[in-house]
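Worksheet: the structure to be examined is printed underneath.
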Amino acid sequence: MVIYFSGTGNSTFVATTIANFLNEKLQFLPTIEVNEMNLSEEERIIFVFPVYSWGVPPLVIRFISEIGEEKWERVKEKGIRVDCVMTCGDEVGLAPEMLQKSFRKFGITLDSVWSVIMPNNYVLLPGFNVDSKSIESKKLKACEGRILEISQAISRGERRVDVVRGSIPWLKTKLVFPLFKKWGIFPNKWHYTNACIGCGQCAKICPMLNVSMIENHPMWGKKCCSCLGCYHICPVHAVEYSNETKRKGQYIFPLKEIATKNFHKVK
């Protein structure tokens with residue numbers, strides 16, 4: 001089973017590619033009914049998600065906890081393999097250690113942790129923007145070989161941590177990520193401009209079902225996870241986060257069959 005989370009399509013592509021290679025079923029994390037899960041029937045469990053500010057997205061940590069001690073105990077007893085693939089713009093910091101800590105609470109040791117560099121999409125702070133088209137293209141070309149490498153290693157049963165941590169990872173994960181959790185997710189800062197054409201793409205892409213179309217315009221609820229899908233998908237750049245996203249670029253994973261529909265329901 002491949003359990004994944006994605007906002008702009010990077011992790012969707014990685015998860016889909018790995019699942020196809022390993023002949024595993026895909027499960028989109030926000031739509032999973034935890035009470036109905038039977039992890040003990042799986043041969044392996046692979047988590048795929050983006051790194052947020054050099055840390056693990058809070059909803060992923062919460063999901064691991066909600067599965068509960070009893071189900072994780074069965075996974076441990078049956079020796080089911082648990083792997084993780086993190087997508088990142090450039091580096092992951094100490095996100096692997098953060099994830100491993102969450103699993104250790106249930107006596108689970110991750111068999112492998114990997115990172116895949118994908119195009120940047122974080123734009124909510126000064127100095128952060130999407131990659132240039134040339135860098136985006138280079139990353140997309142390189143990622144296919146990396147995903148194949150990871151899929152083959154998992155298939156062979158390899159156990160290792162193979163990630164790009166970047167410089168001063170401790171500072172980034174221990175200092176920047178807590179600040180992101182406290183100050184980086186404000187649903188009330190999202191708004192639409194007069195350029196809005198009422199297409200509803202922002203509502204369709206939201207993985208948390210947090211955007212509603214009211215009188216042909218988007219309204220944001222309180223369940224935002226700061227994935228930025230609503231911002232990046234807008235065809236007329238009418239979705240803004242306070243004043244931070246003015247004149248910033250947009251990015252959606254460029255495969256038409258993924259980016260132009262509700263790609264979180266890939267089967």
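Excluded from the calculations below are hydrogen atoms, water molecules and symmetry mates; all remaining heavy atoms, backbone and side chain alike, are included. Position 1 is the first residue of the sequence; numbering continues from there.
With a 4.5 Å cut-off on side-chain heavy atoms, D83 and I150 do not count as touching. Counting heavy atoms from C-beta on, the side chains of K204 and C199 never come closer than 4.5 Å. For the pair V161 and L110, the minimum side-chain heavy-atom distance is 4.5 Å or more. Side-chain contact between F253 and T12: absent, with no pair of heavy atoms (C-beta onward) separated by less than 4.5 Å.
Hydrophobic cluster membership differs between I233 and M219, with clusters built from Ile, Leu, Val, Met, Phe, Trp and Tyr side chains linked at under 4.5 angstrom. Cluster annotation: V34 is connected to I108 through the hydrophobic network of ILVMFWY side chains, with a link wherever side-chain heavy atoms come within less than 4.5 Å.
Take Q27 and apply the side chain to side chain donor-acceptor pair (under 3.5 Å) test, not counting sequence neighbours, and it matches no residue. Evaluation of the salt bridge (Lys or Arg N to Asp or Glu O under 4.0 Å) rule for K25 yields E42 as partners, not counting sequence neighbours. Every residue two or more places apart in sequence or in another chain was checked for a salt bridge (Lys or Arg N to Asp or Glu O under 4.0 Å) with E215, and none qualifies. Under the salt bridge (Lys or Arg N to Asp or Glu O under 4.0 Å) criterion, R159 pairs with D111, not counting sequence neighbours. Considering only residues two or more places apart in sequence or on other chains, R104 meets the salt bridge (Lys or Arg N to Asp or Glu O under 4.0 Å) condition with none of them.
Between the OG1 atom in T17 and the CD atom in E144 there is a gap of 7.5 Å [rounded to 0.5 Å]. Taken to the nearest 0.5 Å, the OH atom of Y241 stands 6.0 Å off from the OG atom of S226. Here the straight-line distance linking atom CD of E66 with atom CG of L59 works out to 9.5 Å at 0.5 Å rounding. A distance of 9.0 Å separates CG in D162 from OG in S112, rounded to the nearest 0.5 Å. F28 CZ to Y4 OH: the interatomic distance, rounded to the nearest 0.5 Å, is 5.5 Å.
Taking Ile, Leu, Val, Met, Phe, Trp and Tyr as hydrophobic and joining them when side-chain heavy atoms fall under 4.5 Å apart, one finds L209 isolated, its cluster having no other members. Annotation for M213: hydrophobic cluster partners, listed by chain and number, are none (ILVMFWY side-chain heavy atoms under 4.5 Å, direct or chained). With a 4.5 Å cut-off between side-chain heavy atoms of Ile, Leu, Val, Met, Phe, Trp and Tyr, the cluster of I117 takes in V164.
Counting heavy atoms of neighbouring residues, nucleotides and ligands inside a 6.0 Å radius, atom NZ of K71 exceeds 12 of them. More than 12 non-hydrogen atoms from other residues, nucleotides or ligands lie less than 6.0 angstrom from CG of N216. Around atom CZ of R156, more than 12 heavy atoms belonging to other residues, nucleotides or ligands sit under 6.0 Å away. E69 CD: 12 or fewer foreign heavy atoms inside a 6.0 Å radius.
Residues F47 and F103 bring their aromatic ring centres within 6.0 Å.
Between R74 and E77 there is no salt bridge, since no side-chain nitrogen of the basic residue lies less than 4.0 Å from a carboxylate oxygen of the acidic one. Ionic pairing of R165 and E97 is present here: one or more N-O contacts between side-chain nitrogen and carboxylate oxygen are shorter than 4.0 angstrom.
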Could you go through residues 130-138 and list every donor-acceptor pair under 3.5 Å that involves a side-chain atom there, pairing it with any protein atom two or more places apart or in another chain?
residue	atom	partner	partner atom	Å
D131	OD1	N120	ND2	2.9
D131	OD2	N120	N	2.9
D131	OD2	N120	ND2	3.4
D131	OD2	K139	NZ	2.9
S132	OG	S134	OG	3.1
S132	OG	I135	N	3.3

Residues 177-197 side chain polar contacts: donor-acceptor under 3.5 Å, at least two apart:
residue	atom	partner	partner atom	Å
H191	ND1	K189	O	3.3
H191	ND1	E240	O	3.4
T193	OG1	A195	N	3.2

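Scanning both residues, C230 and C202, for their nearest heavy atoms gives CB-CB, 3.7 Å.
Pairs passing the salt bridge (charged side-chain N to carboxylate O under 4.0 Å, His left out) check and including a residue from residues 222-237, sequence neighbours excluded, do not occur. Sorted by first then second residue, the salt bridge (charged side-chain N to carboxylate O under 4.0 Å, His left out) pairs that include residues 13-24, not counting sequence neighbours, are E24-R44.
Judged purely by distance below 3.5 Å, without hydrogens or angles, the side chains of N121 and T8 pair a donor atom with an acceptor atom.
At distances below 3.5 Å, not a single donor-acceptor pair connects side-chain atoms of H232 with backbone N or O atoms of I252.
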